[in-house]
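Values below: all heavy atoms of this structure, side chains included; hydrogens, waters and symmetry mates excluded. Within every chain, numbering begins at 1; the chains are lettered A, B, ... in the order of the sequence lines, protein sequences first and strands thereafter. Note that the structure is predicted; figures quoted are calculated from it, not measured.
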Amino acid sequence: MPSLDTLLAGLAKERATGALRVGRAGTVYLDDGRITYMTCAQVPGAERLLAAGGRVPESALRRLQADGGTERLLEEGRVTLGELQYCVLGAVLDAAFFLLPVTGARPRFRPGEGHWLGGRWYFDVPGLVRECARRRARLAETWPRADLDTSPVRAARRMPGQSVTLSDVQWEVAIGADGEATPLELAKRLGRSGYAVLLAVRRLAAAGLIVAAAETEPLPRRVKRLDVARHRADATAGGPLGPVVTGDPTDIELLLRLRKALEELT
Amino acid sequence: MTAREATVLALDSCLTEVMAIPGALDAMLVDHTSGMAVSFSGQPRGVDADKAAAALTEMLRASMDGLSRACPGDTVRIGDLLISTDQGHHLIRLTDTLFEGPLVIYVRLDMERSNIALARHRLRAISEQLLA
């Protein structure tokens, strides 16, 4: 089965108008071949982001969806055009980040179907794919632990330093991480975009402030002198070239931390 | 990615306004949370918009971290940032939005032809029109 972006590129070429449902994972809306809106079941949509901001209650959004649409939303002066565009832009890119890699679902195209928030900003498929790749690379650069994206996280009991500076999303994540919710569940609870929460989790994990709920020891264990001596002995005993691989997960952790620290020094 | 709306102040038409500031050389809109270049104008002159946006985001993050340590109260909300170099001025305006953000408007100004006070005033007015 072709990947979702190949399918979308095909629909763009045919200048299709309608909705492409990707199983239960989400839906992509197109107008004349251009993407107008995208939803993904894993992350909050633009409605949730708008409601979480506190200016437009969800009930008002439902009423507008049924009658009046974005035209009335703007007329009522609750949001400006710039805000609406910015919100849709954020929500669509967030949905694309989680929806584009989805495989296994059989996409169905329904011609003519549209989304009520669509049509204020248009997206092209290559642009979306490029931006999603950039975002993925940024996550890995921040902290190369992809498992944290999907596992329940909790705040570390002790801070591995004396003081720390947090951004607004990081603060919300730090106090919301209860050891039961995964980052994407947290995003829904907080009304923040999924990517913003993933990024905050990775950054907090790099600082040693957030750990996977299953991890028992939040602080990096000191390498015992005995271990170091043994590694050195292994290395000189005609072992494989390159750094010694111990297989000990805490050791890899330590190296990653070290690399991160060195990178920050430059 | 392009917008096709031409009403009041849309995300992309706002850059036309920014470029109308006397001495403006190029401008860019950046989503601070994701580090994404929302739109940009002027000649990129060998500058990759994606990389420039990411670099600006990191710079802002470092500024916020640094300032929060340096000022009383420990929490900061940057309104705008002015950096003057030997070649010109860089003016950066941060606007809080009702969901995520802040949205960052960046403009590079010509050393000789620009008036910083005017540019700062105009940029603030634009951001207020865009995101009330």
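Annotation: the span from M36(B) atom CE to R135(A) atom CZ amounts to 5.0 Å, rounded to 0.5 Å. Separating the CD atom in E128(B) from the OG1 atom in T80(A) is a distance of 12.0 Å, to the nearest 0.5 Å. Distance CZ/F97(A) to OG/S34(B): 10.5 Å, rounded to 0.5 Å. Considering CG of L81(A) and SG of C14(B), their distance stands at 11.0 Å, rounded to 0.5 Å. Taking CG of D31(B) as the start and OG of S193(A) as the end, the distance is 8.0 Å to the nearest 0.5 Å. Atom-to-atom distance recorded for L131(B):CG and L84(A):CG is 11.0 Å, nearest 0.5 angstrom.
Between T165(A) and M64(B), the closest side-chain pair of non-hydrogen atoms is not below 4.5 Å.
The environment of CZ in R63(A) is crowded: more than 12 heavy-atom neighbours from other residues, nucleotides or ligands sit within 6.0 Å. Around the CZ atom of R78(A), the shell of radius 6.0 Å holds more than 12 heavy atoms that belong to other residues, nucleotides or ligands.
Interface residue L49(A): backbone and side-chain heavy atoms are both found under 4.5 Å from chain B.
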Side chain to side chain donor-acceptor pair (under 3.5 Å) evaluation trace for R61(B) with S167(A) | CA-CA 9 Å; R61(B) 201 165 65 84; S167(A) 72; over 6 Å; no
Y86(A) vs T95(B), side chain to side chain contact (heavy atoms under 4.5 Å, CB included): CA-CA, chis, key distance, verdict | CA-CA 12 Å; Y86(A) 190 45; T95(B) 312; over 6 Å; no
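A donor-acceptor contact shorter than 3.5 Å links the side chain of Q85(A) to the backbone of L11(B).
Shown here for T33(B) and R138(A), the closest heavy-atom pair between the two residues is O-NH1, 3.6 Å.
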